[in-house]
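Remarks on the structure that follows.
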Amino acid sequence: MKALVRAFILVFIIAFAFMFLSSRLNATQDFAGGGKTLTIYNWGDYIDPQLIKKFEQQTGIQVIYQTFDSNEAMMTKIEQGGTTFDVAVPSDYTISKMKEEHLLIPLDHSQLPNLKYISPRFMNLSFDKGNKYSVPYFWGTVGIVYNADMLGGKKITSWNDLWDKDLKNQILLVDGAREVMGLSLNSLGYSLNDTNEAHLQQAKAKLNQLTPNVKAIVGDEIKMLLANEEAAVGVVWSGDAAEIMSENNKLNYVIPKEGSNLWFDNMVIPKTAKNVKGAHAFINFMLDPKNAAQNAEYVGYSTPNEKALKLLPKDVSTDKRFYPDKATTDKLEVYDNLGKRMLAHYNELFLEFKMHHK
Ligand code: SPD
């Protein structure tokens, strides 16, 4: 009798283990589709690493995660080939360039049910009508973060304030050609999409005059330097300002009164993708309101996900500096796709300024 019970228990354990393993396998196959790995190419400091782990656990897909620090670097790498990126996160004008150069795979919206959580304000934008190729990840502005205490109580409200003689060696600039050329163009009253050569040369000459005030032109380390009060002023993307301000309450963020850039970073599937089904699963996972809210809390950037926004602490979601209303953002400019030659020219002028600074 004892032997019969033991045999029964053994059969039960084996059957249970089999059912469990086969359900795990099915889940993995369902999500993984074409493959067991997924290569993601994103900006540095732009995701909560816990979410990557959660995605891996939920799907059985192993994520290979790589980062870039500019749209230009990202696009060059994809253009050159030899990579297998399944998901990338370019900005507005770069999405339009990538579409033009046939570097993107159209999205299958039936695999993205969570797309319904994105606010209509961030859908159907000019760089990708109908969101055929891209879905919103984060959005924001370019502005100035400053430490009023370090400036003797002085407030900053405009791009032109950066040229103040009292700011000698106090400014950190984000390492971006469009951002730095844009601030100089805006300070002169020109559009940050200006292509008039005389205006561009004027902007470059004005940047050279900013050199004594510029301490460094830096990447993601700008956050640590400003939070540690190594400099009093930084030209940054809004989400970076939000993160630094949570670490140092002497800092403030302002969108300069002459105008600035409004940008949108969206998820796309590059033509290099090897796991298109997994890429859709990842994009849909990041669109899930709980995951999107966790990501926004972690990186500090503004979420376009309406339902995620409701999950954020009230003091975050109602902060007009990082969630400006439509009336405010309508006055800002989105970068245009200026074409290959003009973008190369902007980069060249920025590089000359960087050399001048050294
Ligand atoms: N550290 C993450 C930075 C991402 C910023 N993207 C902004 C793009 C603006 N064109």
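Numbering of ligands and ligand atoms starts at 1, following listing order.
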Taking the six-membered ring for Trp and the full ring for Phe, Tyr or His, determine whether the centres of [X] and [Y] are under 6.0 Å apart.
X      : Y      : result
Phe127 : Tyr93  : no
Tyr46  : Tyr137 : yes
Trp263 : Tyr301 : yes

Part of Glu179 within contact of ligand 1 (heavy atoms, under 4.0 Å):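 Just the side chain.
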
Ligand 1 versus Asp220: contacting region, heavy-atom distance under 4.0 Å: side chain

Nitrogen or oxygen of Asp265 less than 3.5 angstrom from that of ligand 1: yes

Tyr335, any N or O under 3.5 Å of ligand 1 N or O: no

Sub-4.0 Å heavy-atom approach of Tyr301 to ligand 1: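 Flag set, Tyr301 near ligand 1.
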
Per-atom contacts, ligand 1 versus Tyr46 - under 4.0 Å to a heavy atom: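 So the atoms of ligand 1 that pass are 2 (C), 4 (C).
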
Contacting atoms of ligand 1, where contact means under 4.0 angstrom from a heavy atom of Ser91: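 Once the distances to Ser91 are compared, the set is 8 (C), 9 (C), 10 (N).
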
Modelled atom types, side-chain donor and acceptor of Glu258 and Asn160, under 3.5 Å: yes

Whether Phe122 and Trp139 hold their rings parallel, tilted or perpendicular, with breakpoints at 30° and 60°: tilted

Protein heavy atom at shortest distance from atom 9 (C) of ligand 1: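 The protein heavy atom lying closest is Trp237 NE1, 3.4 Å.
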
Protein heavy atom at shortest distance from atom 2 (C) of ligand 1: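 Going by distance alone, atom 2 (C) of ligand 1 is nearest to Gly44 O, 3.3 Å.
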
More than 12 heavy atoms of other groups within 6.0 Å of Lys116 NZ: yes

Whether Thr141 side chain and Leu262 backbone form a donor-acceptor pair below 3.5 Å: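 Not at all, since once roles are kept as given, no pair shorter than 3.5 Å links the two residues.
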
